[in-house]
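Keep in mind the model is a prediction, meaning the values are calculated, not measured. Numbering of residues begins at 1 and proceeds along the displayed sequence. In listed order, ligands and their atoms are each counted from 1.
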Amino acid sequence: MSFHHRDNYLYCEGINVKDLQDAMQDSPFYLYSAAQLRANVAAYADALTGLSARISYAVKANGNLTLLKLLRALGCGATLVSGNELRLALLAGFAPADMVFNGNGKRRDELALAVQHGVTVNIDSEFDLAHIAQAARDANKPVDVLLRVNPDIQPDVHPYVATGMRDSKFGIRAERLPWFLERLRHEPLLHLVGLHCHLGSTIKDVRVFRDAAILMGDLTTAVRGQGFDLRYLNLGGGLGIDYERAGKTPTPHALLDAVRGRLPGDLTLIVEPGRSIVGNAGVLICRVIGVKRNGDKHFIVTDGSMATLIRPSLYGAYHHIDFIEPVDGEPRTFDIVGPVCESADFLGKARILPTPHEGAGLVVYDAGAYGYAMSSSYNLQLRPAEYLVDGERVTQIRRAETFDDVMLAQSTLSVIMPRAESAD
Ligand code: LLP
């Protein structure tokens, strides 16, 4: 365990987190463990043994540049959902050949960038195909494409993170595939190299991956039968992690075992994990501002909020919360909330914890995925710093946002209309 308590103090690898909090004075901040990140990638690499496969890390889960460089050095590729993520992946040193560009609303400028760099692009709709073909013609360059299939599989997760159901906005229904294949025959610059699907996120029951593998394997065979030389099958990401600390969440091994043997041989499998790579490798560290009682309700008010970590507010997501130092006040049932002016601003509800003193440090676990990535400066709560622990070494891998950073975009005003008269 890269995060563990010793004598009631939280350690990240060899670092006492309270010492770090006191030394930096930064609060809140995100803290990552390099050892945990390596272990998570190794678990996938191990599970993929014997398969021709690629781990295409979903950059959206956590786009910190230093973490991306680490993941690239560990052999991962990158799954992207915007032109800016593509730029970021290039900065981190990922090879375009190891990237996949996904999305249901890719803009023309983003497609031009992908084509220019030779990134594989997912086709998500009729208009997407037309736009990709146009981008290829404009650049006079061939593009490898995948067709994103809507597999109509219910992954039994929060509706906001289910993406492969019949009514989802993502992907193409199987019955429409013939239309796309016909169009692709007339687009010589678009090379169909595989199929893609993504069922959703926080998946705990790996049987849905088995169902997807069977469906996608059959579709691959059918499309090959139409004369297309498919080489890849991309099964997306979505493996859940053990937020509840119940010890029951499936491993990459369970995922790959559900899939292995159900795919046509001679295919390269692509998996796109985000959460199961970075989720438990990161925590959010906050400080107690104060303790409050409203009748029989008790609140711990922290400097972390829905602006720092929105998952509890947005999905009702559970993140385990504890103190990072000895706290021995009377135990009570607390809601742990932030300072943002919204009743939706909470990090945890009904947690039994000892009553803390002002300034006590709190840890919100499993915040490495979709934590910083979804943070905002709502209420002008500035985005936090990020630190990476590697053994005994701590590196600041992003400084905290400042008031000046936020104001910079408003520092120059220009009149757009009415347009200035020309001088002549
Ligand atoms: N591939 C595609 C096409 C995706 O849409 C996603 C995530 C992934 C891979 C990575 O999925 P993962 O392995 O991380 O589950 N904000 C939500 C999660 C949204 C995920 C969207 N797509 C949350 O905080 O739970």
Within the structure, does [X] bring an N/O atom to less than 3.5 angstrom of an N/O atom in ligand 1?
{"X": "His196", "value": "no"}
{"X": "Ser201", "value": "yes"}
{"X": "Ala58", "value": "no"}
{"X": "Tyr315", "value": "yes"}
{"X": "Ser276", "value": "no"}

(request) State whether the side chain of Asn40 and the backbone N or O of Ile277 hold a donor-acceptor pair below 3.5 Å, judged by distance alone. (result)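 Yes.
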With distance as the sole criterion, is a donor-acceptor pair present between the side chains of [X] and [Y] under 3.5 Å?
{"X": "Glu325", "Y": "Asn8", "answer": "no"}
{"X": "Tyr387", "Y": "Gln396", "answer": "yes"}
{"X": "Arg108", "Y": "His131", "answer": "yes"}
{"X": "Ser276", "Y": "Tyr44", "answer": "yes"}
{"X": "Asn102", "Y": "Asn122", "answer": "yes"}
{"X": "Glu386", "Y": "Tyr32", "answer": "yes"}
{"X": "Ser201", "Y": "Arg275", "answer": "yes"}

Pick one of side chain, backbone, both or neither for how [X] approaches ligand 1, counting any non-hydrogen atom pair under 4.0 Å.
{"X": "Ala61", "result": "neither"}
{"X": "Glu272", "result": "both"}
{"X": "Arg148", "result": "side chain"}
{"X": "Arg275", "result": "both"}
{"X": "Tyr160", "result": "neither"}

(request) For this output row, return yes or no: ring centroids of Tyr315 and His158 closer than 6.0 angstrom. (result) yes
(message) Check for me whether the distance between the ring centres of Tyr9 and His5 falls short of 6.0 Å.
(response) no
(message) Between Asp205 and Arg210, does any side-chain N to carboxylate O distance fall below 4.0 Å?
(response)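 Looking at Arg210 together with Asp205, the answer is no, because their closest N to O distance does not fall below 4.0 Å.
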Tell me, which protein residue and heavy-atom name are nearest [atom], and how many Å apart are they?
{"atom": "atom 7 (C) of ligand 1", "answer": "Lys60 NZ, 3.1 Å"}
{"atom": "atom 14 (O) of ligand 1", "answer": "Tyr370 OH, 2.6 Å"}
{"atom": "atom 24 (O) of ligand 1", "answer": "Arg311 NE, 2.6 Å"}
{"atom": "atom 8 (C) of ligand 1", "answer": "His198 CE1, 3.4 Å"}

(message) Taking a cutoff of less than 4.0 Å between a non-hydrogen atom of the residue and any ligand atom, is Val161 in contact with ligand 1?
(response) yes
[X]: numbered ligand 1 atoms lying under 4.0 Å from its heavy atoms:
{"X": "Pro273", "value": "13 (O)"}
{"X": "Gly238", "value": "11 (O), 12 (P), 13 (O), 15 (O)"}
{"X": "Met374", "value": "16 (N), 24 (O)"}

